[in-house]
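The structure appears below as structure tokens.
Each chain gets a letter, A, B and so on, in the order the sequences are listed, and its residues count up from 1. Side-chain atoms are counted along with the backbone in the values below, which use heavy atoms only and exclude waters and symmetry mates.
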Number of protein chains: 2
Amino acid sequence: MTAASPVVDPAGAGEATGDTAPADGLRISGAAARAGVSARTLRYYEELGLLSPSGHTSGGERRYRDADLQRLDRILELREVLGMNLEEIKGFLDSEHRLDEVRDAYRAKRDEPTDEARAQQRVLLEEALSLNEELTRQLDAKLARMDAFRSKVAANAQRCRELLDDL
Amino acid sequence: MTAASPVVDPAGAGEATGDTAPADGLRISGAAARAGVSARTLRYYEELGLLSPSGHTSGGERRYRDADLQRLDRILELREVLGMNLEEIKGFLDSEHRLDEVRDAYRAKRDEPTDEARAQQRVLLEEALSLNEELTRQLDAKLARMDAFRSKVAANAQRCRELLDDL
DNA sequence: CTCATTCTAAACGTTGACGTAAAGGTAATG
DNA sequence: CATTACCTTTACGTCAACGTTTAGAATGAG
């Protein structure tokens with residue numbers, strides 16, 4: 001309903017591929033195993049609009065290709081490393097997508113430098129910039145707090161070592 | 001049941017205190033407001049054995065003193081900054097408490113240097129050390145991944161600035 | 001003194017992020 | 001072609017970490 005998913009030829013000629021996903025993509029359990037999550041998780045992410053496989057077979061099976069797998073890895077990184085919840089991740093990836101659109105529009109604009117177009121691009125770029133700066137600030141704050149914590153823990157370890165040396 | 005909570009004199013002489021908790025401690029809603037959580041949360045933490053107020057009035061009201069508030073701040077930091085769940089936090093704070101005990105025992109031991117006592121201290125110290133080192137490793141890994149992410153975001157921001165400068 | 005706050009304690013509700021099961025279609029393999 | 005393994009959707013279950021409510025009784029700040 002929401003996005004066009006080209007149907008993959010189920011008997012397509014197999015292009016030789018390395019350790020990446022076969023040209024026609026992985027099945028849901030393969031993609032899940034590769035990322036270390038469950039198939040249920042992938043269906044759930046799709047339900048939330050977070051990750052939709054770029055292809056389906058004629059029978060209706062999901063096919064995850066390289067780009068999908070990369071997006072999945074990004075989602076998991078945001079979740080595990082930054083501790084974002086799925087809604088925050090969606091917002092972040094959406095804004096990243098908008099930034100890509102801005103870049104594309106910027107390049108298209110070079111051919112036709114209208115003043116009106118420039119003004120629109122400026123607005124979009126400023127929005128993207130403020131989003132990135134805000135995220136950078138948040139990350140810096142979190143990094144600082146985590147680093148302070150790390151120092152405390154490391155100091156504790158050092159004191160343990162000194163006490164042990166005394167014995 | 002689990003810990004001795006000395007009863008606070010309800011009509012005690014008020015020692016002059018600055019912006020810290022009054023000498024006889026804060027009520028539950030005061031402590032909660034100060035930390036930005038609800039009273040329910042504090043009761044829940046107490047139920048889990050995470051945080052028990054150091055005092056009660058003769059009538060049975062909880063009184064949170066400075067040490068309690070500091071512990072609460074630590075709990076929230078572990079939760080928000082490190083993303084620990086309450087069980088992990090309990091384990092971490094418990095092991096920290098054990099480290100304190102080891103330190104005290106170590107000092108007491110200096111007066112009576114039994115070989116047996118030394119061996120026990122060594123075991124405890126090594127346990128504490130390995131706990132701290134493990135946590136340090138985990139923090140380092142997380143910090144590295146977060147920092148890599150920060151770099152990517154900062155680079156994005158920089159590209160936005162360059163595009164804006166071109167206009 | 002008075003009225004807002006807190007107490008115990010129990011129970012039920014909620015939200016996010018999935019797990020698990022059921023009933024029936026699809027894909028790959030011999 | 002048949003079998004087996006995997007997939008589909010739908011729906012209900014679960015767990016942590018609380019929120020909310022109920023109800024009477026006791027407390028304490030102003």
Side-chain angles (χ1 to χ4, degrees), chain A residues 1-2 5 7-14 22 24-53 55-64 68 72 75-76 78-80 82-91, chain B residues 1-2 5 7-14 21-53 55-64 68 72 75-76 78-80 82-91:
Chain A
M1 277 287 210
T2 48
S5 324
V7 170
V8 170
D9 178 15
D24 52 349
L26 292 178
R27 303 176 82 172
I28 192 170
S29 63
R34 178 165 187 144
V37 299
S38 69
R40 169 67 168 118
T41 296
L42 297 189
R43 295 199 190 93
Y44 182 57
Y45 287 180
E46 186 175 352
E47 190 181 333
L48 297 187
L50 253 182
L51 174 70
S52 299
H56 289 86
T57 65
S58 56
E61 273 195 9
R62 297 168 175 83
R63 284 301 132 101
Y64 294 84
D68 305 327
L72 176 54
I75 291 171
L76 297 178
L78 290 170
R79 194 191 65 174
E80 294 166 11
L82 301 189
M84 287 187 184
N85 63 35
L86 300 186
E87 192 177 331
E88 290 169 334
I89 293 175
K90 182 165 165 51
Chain B
M1 275 288 208
T2 46
S5 326
V7 170
V8 171
D9 178 13
D24 51 352
L26 292 178
R27 305 176 80 173
I28 192 171
S29 62
R34 179 165 186 143
V37 299
S38 69
R40 167 70 166 119
T41 296
L42 297 190
R43 295 200 191 94
Y44 182 57
Y45 287 179
E46 186 174 351
E47 189 182 334
L48 297 186
L50 253 183
L51 174 71
S52 299
H56 289 85
T57 64
S58 56
E61 271 196 10
R62 297 170 177 83
R63 284 302 133 101
Y64 294 84
D68 306 326
L72 177 54
I75 292 172
L76 297 178
L78 290 169
R79 197 189 64 175
E80 295 165 10
L82 300 189
M84 286 186 183
N85 63 37
L86 300 185
E87 192 177 330
E88 290 169 335
I89 292 174
K90 182 164 162 55

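Partners of B/Arg79 according to the side-chain hydrogen bond (donor to acceptor under 3.5 Å, both in side chains) rule, which considers only residues two or more places apart in sequence or in another chain, are B/Tyr45. Legend: residues meeting side chain to side chain contact (heavy atoms under 4.5 Å, CB included) with A/Ala35, ordered by chain and number and at least two apart, are A/Val37, A/Leu72, A/Asp73, A/Leu76. Legend: residues meeting side-chain hydrogen bond (donor to acceptor under 3.5 Å, both in side chains) with A/Ser29, ordered by chain and number and at least two apart, are absent. Partners of B/Glu46 under the salt bridge (Lys or Arg N to Asp or Glu O under 4.0 Å) rule, at least two apart in sequence or in another chain, are B/Arg62. For A/Glu87, there are no side-chain hydrogen bond (donor to acceptor under 3.5 Å, both in side chains) partners, not counting sequence neighbours.
Atoms CD1 (A/Ile28) and C1' (D/dT9) sit 12 Å apart, rounded to a whole Å. Atom CZ of B/Arg43 and atom P of D/dA17 are 19 Å apart (whole Å). When the C1' atom of D/dA17 is taken as reference, atom CG of B/Leu50 falls 12 Å away, rounded to whole Å. Atom CZ in A/Arg63 sits roughly 9 Å away from atom C1' in D/dC7 (whole-Å rounding). Distance CD (A/Glu61) to P (C/dT26): 10 Å, rounded to an integer number of Å. For the pair A/His56 NE2 and C/dT26 P, the computed distance is 14 Å after rounding to whole Å. As rounded to whole Å, 12 Å separates atom C1' of C/dT8 from atom CD of B/Glu47. The distance from atom CD of B/Glu46 to atom C1' of C/dT8 is 11 Å, rounded to the nearest whole Å.
Considering only side-chain N and O atoms, A/Arg27 lies nowhere under 4.0 angstrom from the phosphate OP1 or OP2 of D/dA5. For the pair A/Arg62 and D/dC7, the criterion of a side-chain N or O lying under 4.0 Å from OP1 or OP2 is not met.
With salt bridges taken as basic N to acidic carboxylate O contacts below 4.0 Å, none links A/Glu88 and A/Lys90.
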Open item on the list: Strictly under 4.0 angstrom, non-hydrogen atoms only: write out the protein contact profile of nucleotides 14-21 of chain C, one letter per nucleotide from the 5' end, B, S or -.
Closed with: ---BBBB-

